[in-house]
*Asks:* 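First, the structure itself, so that you have it in front of you.
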Amino acid sequence: MIHMESTMRMGHVVNTDGEAYQVKRLYIADNSVHYNGIGAANPTLTTQALATRAAQRLAERYFS
């Protein structure tokens with residue numbers, strides 16, 4: 001019914017790759033990193049895109 005979002009907003013708590021500013025190697029890839037979550041539209045595709053981007057950045061940074 002309601003999608004909880006924006007509790008760890010990108011730019012405030014995590015960078016654009018989803019890595020937390022205060023804890024290195026902690027990646028957040030869920031609804032909480034949406035910058036402006038109003039809870040109206042279904043955020044599934046955006047969440048999947050953010051998770052895919054975080055996974056790609058992790059693979060490039062630590063496994064290449």
*Asks:* Before you tell me yes or no, could you show the steps for Y21 and V13 under side-chain contact (heavy atoms from CB on, under 4.5 Å), namely the whole-Å CA-CA distance, both residues' side-chain angles and the distance that decides it to 0.1 Å?
*Replies:* CA-CA 6 Å; Y21 288 125; V13 178; 5.6 Å; no
*Asks:* Within this structure, what is the CG-CG distance for the pair L50 and D17, rounded to the nearest 0.5 Å?
*Replies:*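 Those atoms lie 11.0 Å apart.
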*Asks:* Can I28 and D30 be said to form a side-chain contact (heavy atoms from CB on, under 4.5 Å), step by step?
*Replies:* CA-CA 6 Å; I28 316 277; D30 63 358; 3.3 Å; yes
*Asks:* If you round to the nearest 0.5 Å, how far is CD of E19 from CG of L26?
*Replies:*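 Interatomic distance, L26 CG to E19 CD, rounded to 0.5 Å: 8.0 Å.
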*Asks:* Please say whether more than 12 non-hydrogen atoms of neighbouring residues, nucleotides or ligands are located less than 6.0 Å from CD in E60.
*Replies:*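 Counting neighbours around CD of E60, more than 12 heavy atoms of other residues, nucleotides or ligands fall under 6.0 Å, so yes.
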*Asks:* Measuring from T16:OG1 to R53:CZ, what's the distance to the nearest 0.5 Å?
*Replies:*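 Going from OG1 on T16 over to CZ on R53, the span is 5.0 Å.
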